[in-house]
There are 2 protein chains.
Amino acid sequence: MRYSQEHNEETRDRILAVASRLFREEGIAAVGLAKIMTDAGLTVGTFYTHFKSKEALVREALRRSLVARSECLKHALRTGDLEKAVRGYLSPEHRDQPGVGCPTAALGPEVPRHPRATRQAYSSALDLSLDSWAEAMTIRTGKKVGRAEAAAFVGLLAGTLQIARAVPDHAESAAILEAGARAALRLARKE
Amino acid sequence: MRYSQEHNEETRDRILAVASRLFREEGIAAVGLAKIMTDAGLTVGTFYTHFKSKEALVREALRRSLVARSECLKHALRTGDLEKAVRGYLSPEHRDQPGVGCPTAALGPEVPRHPRATRQAYSSALDLSLDSWAEAMTIRTGKKVGRAEAAAFVGLLAGTLQIARAVPDHAESAAILEAGARAALRLARKE
DNA sequence: ATTATCTATAGATCTATAGATAATGC
DNA sequence: ATTATCTATAGATCTATAGATAATGC
C-alpha cells in the first residue's frame, strides 16, 4: 500500500526508537530484527523497506541515542551544575534503566566490533556530550579542558556505572555509585 | 573412549582458554559454541561432556580471565608502582589486544545481562583486582582506600579503554589513553 | 502507478541432545 | 565397563529476499 511521507518517517522513527532501547537493554548482538519489528508493531519483512541492513540500523540507533543523551546532559547542565549532572549519571535510576541511559555504558565494548562507519557515527555523536562535559569542566576548574580529558571523565562515569550494574550486592553497588561520583567531582575540582 | 583425568582437565582447560579469549574479542552473545570447540580442536558435540551449559562456560571463563588479570596486576604492582600499572592498562598494546585484556573493559555491559550466579562469579573474582588496586592506592595516598573507591578507579580505566577502542581516529584514541592515565594518577595522588 | 506491508521461505547459525564408536582406566 | 569423542539432528532463531496484496499519493 502507499503511505504518506509523514507516515513512513514515523514508522522509521518508531523502529529506531525501539532498536535504540533494545540494543541498550540486551546488547546489539543479542537482539534480532524480528523482536525489534514486533515491538514496533510490524513484521520482520518490512524492515528492509526502511533500512539497508541491521548494521545501518545499528549506526542510526547509536547516533540517535547518543544525540538524545547529549540533549539530556545539556539540559542537566543548563538547569543545574556539573555536580548535579554527575549525580544524575551515577544514580540508581540510571543504573536500573539502561534502555534509556548512556549508550557508552550500555554498549561501549560492542562499538569497536562494528565496521568503521559505525565507529565513526559513534565517535562523532559522542563528541556532542564530550564538548558539553568539557565546557562544564572548564568553567568549574578555571582551566581549559579538552575533548580527550572529557573522554576520560565520561570513561569514569560509564565504567563505574557498568560495574555498579554488574555487582549483584545492593549495598556494594550503591557504594560504587557514590565512590564514582566523589572521584568524578575530584577530577572536576580546582587544583 | 576413556581418557586419563589429566587429559580431561587439559581439555576442559583448553576450552576455557579459547572461550575466555573469544568472549573478550567478540562478545559473549556473538560467540557460538561451535566456534569455541573448533578453535579448541574438538567438535561441538563434546562440549556438554565438559560443561553443563553455555552459561556455565561463561561463568567459568569470566572467573578465569578475571583471576588471570588480577595476577597480572599483582605482578605489575610487585615489580613496579601504581603508575606503571596504570600506564600498562591504558597502553596501545592493551587497547589492541582485548582478547587477553581486562574482562571488564571487554565485557562490562554484558555481565548484568547474565544470571545472578554469573554476576556473583564476576563480582567476587573482580574483588581480587579491586583489593590490589585499593592496597596500592592506600600506600600511595597515605589514606585508607576501600573497595568501592577502587571500583571507581577500575571504572575509569575500563571506561576510558573502551572509548579509546571505539574511537576510530588514531591520534584521538592515543590522546584519550593519555588523558585517562593522567586522570587516574590524579585520583591516586596525595591530597 | 506506486509502494509499505504482509506471508513465506532460503540458508546459515544457535544451543542442546541422542546414539554409535573406540580407546583405556580401574 | 567406562566414557570422551564423533556424527547427526532437533527445534529455534538469525539476516535477508521474493512475491502477493491493497491502499492511496501524485
Side-chain angles (χ1 to χ4, degrees), chain A residues 1-62 107 110-111 113-115 117-118, chain B residues 1-62 107 110-111 113-115 117-118:
Chain A
M1 349 167 181
R2 203 162 182 193
Y3 289 97
S4 68
Q5 202 183 322
E6 192 193 356
H7 166 97
N8 294 344
E9 279 167 12
E10 270 174 22
T11 301
R12 185 187 151 94
D13 206 61
R14 201 166 65 249
I15 296 169
L16 273 171
V18 168
S20 80
R21 176 178 56 79
L22 285 177
F23 286 156
R24 280 178 282 184
E25 281 174 0
E26 303 178 22
I28 296 168
V31 177
L33 299 177
K35 176 150 202 192
I36 293 168
M37 294 307 282
T38 300
D39 274 29
L42 295 162
T43 58
V44 69
T46 312
F47 176 78
Y48 293 91
T49 305
H50 297 278
F51 296 92
K52 195 194 152 204
S53 62
K54 186 185 179 183
E55 195 58 43
L57 172 67
V58 169
R59 202 163 54 233
E60 290 304 316
L62 264 182
L107 303 170
E110 275 197 274
V111 176
R113 297 174 194 136
H114 285 263
T118 303
Chain B
M1 348 170 185
R2 205 167 182 190
Y3 289 97
S4 69
Q5 202 183 323
E6 192 193 356
H7 166 99
N8 295 344
E9 280 166 11
E10 270 173 23
T11 301
R12 186 188 151 93
D13 206 60
R14 202 166 64 248
I15 297 169
L16 274 171
V18 169
S20 78
R21 176 177 56 80
L22 285 177
F23 286 156
R24 281 178 280 183
E25 282 174 359
E26 304 179 21
I28 296 168
V31 177
L33 299 178
K35 176 152 202 190
I36 293 167
M37 294 308 281
T38 300
D39 273 30
L42 295 162
T43 58
V44 69
T46 312
F47 176 78
Y48 293 89
T49 305
H50 297 279
F51 297 93
K52 196 193 152 203
S53 61
K54 185 184 180 183
E55 195 58 43
L57 172 67
V58 169
R59 201 162 56 234
E60 290 304 316
L62 265 181
L107 303 170
E110 275 197 273
V111 176
R113 297 173 193 135
H114 284 263
T118 303

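Throughout, protein chains are lettered first and strands after them, A, B, ... in sequence-line order, and every chain is numbered starting at 1.
- A:Ile28 contributes atom CD1, which lies 11.5 Å from atom CG of A:Leu22 (distance to the nearest 0.5 angstrom).
- The only option from B:Thr43, B:Thr46, B:Val18 that meets the side chain to side chain contact (heavy atoms under 4.5 Å, CB included) definition with B:Met37 turns out to be B:Thr46.
- Between B:Tyr48 and the phosphate of C:dA16, there is a side-chain N or O to OP1/OP2 separation shorter than 4.0 Å.
- Under 4.0 angstrom from either OP1 or OP2 of C:dT7 there lies no side-chain N or O belonging to A:Thr46.
- Remark: A:His7 is in phosphate contact with C:dT5, judged by side-chain N or O atoms under 4.0 Å from OP1 or OP2.
- In this structure, the CG atom of B:Leu33 is 20 Å from the P atom of C:dA12, given to the nearest Å.
- Nucleic acid contact class of A:Gly45 (heavy atoms, under 4.0 Å, all strands): base.
- Residue B:Thr43 has no polar side-chain atom (N or O) positioned under 4.0 Å from OP1 or OP2 of D:dA8.
- Note that CZ of B:Arg113 and CD of A:Glu26 are 8.5 Å apart. Values are rounded to the nearest 0.5 Å.
- In the set C:dG25, C:dT5, D:dT5, C:dG25 carries the atom at the smallest distance from any side-chain atom of B:Ser4.
- Nearest-nucleotide assignment on DNA chain C puts the 5′-proximal partner with B:Ala34, out of B:Lys52 and B:Ala34.
- Distance, A:Gln5 CD to D:dG25 C1': 11 Å, rounded to whole Å.
- The side chain of A:Ser53 has D:dA16 as its nearest neighbour among C:dT5, C:dC6, D:dA16.
- Nearest to the side-chain atoms of B:Leu42 among the listed nucleotides D:dA16, D:dT5, C:dA4 stands D:dT5.
- Nucleotide C:dA12 is matched to D:dT13 when pairs are restricted to Watson-Crick or G-U wobble geometry with both distances under 3.5 angstrom.
- Rounded to whole Å, the distance from OH on B:Tyr3 to P on C:dT21 is 16 Å.
- At whole-Å resolution of the value, CZ in A:Phe23 and P in D:dC14 are 12 Å apart.
- B:Arg12 is listed as a side-chain neighbour of B:Phe51, based on a closest heavy-atom distance under 4.5 Å.
- Ionic pairing of A:Arg21 and A:Glu25 is present here: one or more N-O contacts between side-chain nitrogen and carboxylate oxygen are shorter than 4.0 angstrom.
- Separating the CD1 atom of A:Ile36 from the C1' atom of D:dT13 is a distance of 14 Å, rounded to the nearest angstrom.
- Spacing between atom CG of A:Leu57 and atom C1' of D:dA16 amounts to 14 Å, rounded to whole angstrom units.
- Atom-to-atom, CG of B:Asn8 to C1' of C:dA23 comes out at 12 Å; the value is rounded to the nearest Å.
- Taking atom CD of residue A:Glu9 and atom P of nucleotide C:dA4, one finds them 12 Å apart after rounding to whole Å.
- Ranking C:dA16, D:dA4, C:dA4 by closeness to the B:Thr49 side chain, first place goes to D:dA4.
- Toward the 5' end of DNA chain D, the nearer of the two residues A:Ala30 and B:Arg14, judged by each one's closest nucleotide, is B:Arg14.
- With a 3.5 Å ceiling on both atom-pair distances, the Watson-Crick or G-U wobble partner of D:dT3 is C:dA22.
- Summarising the geometry of B:Leu33 relative to B:Lys54, their closest heavy-atom pair is CD2-CG, 3.8 Å, with the distance given to 0.1 Å.
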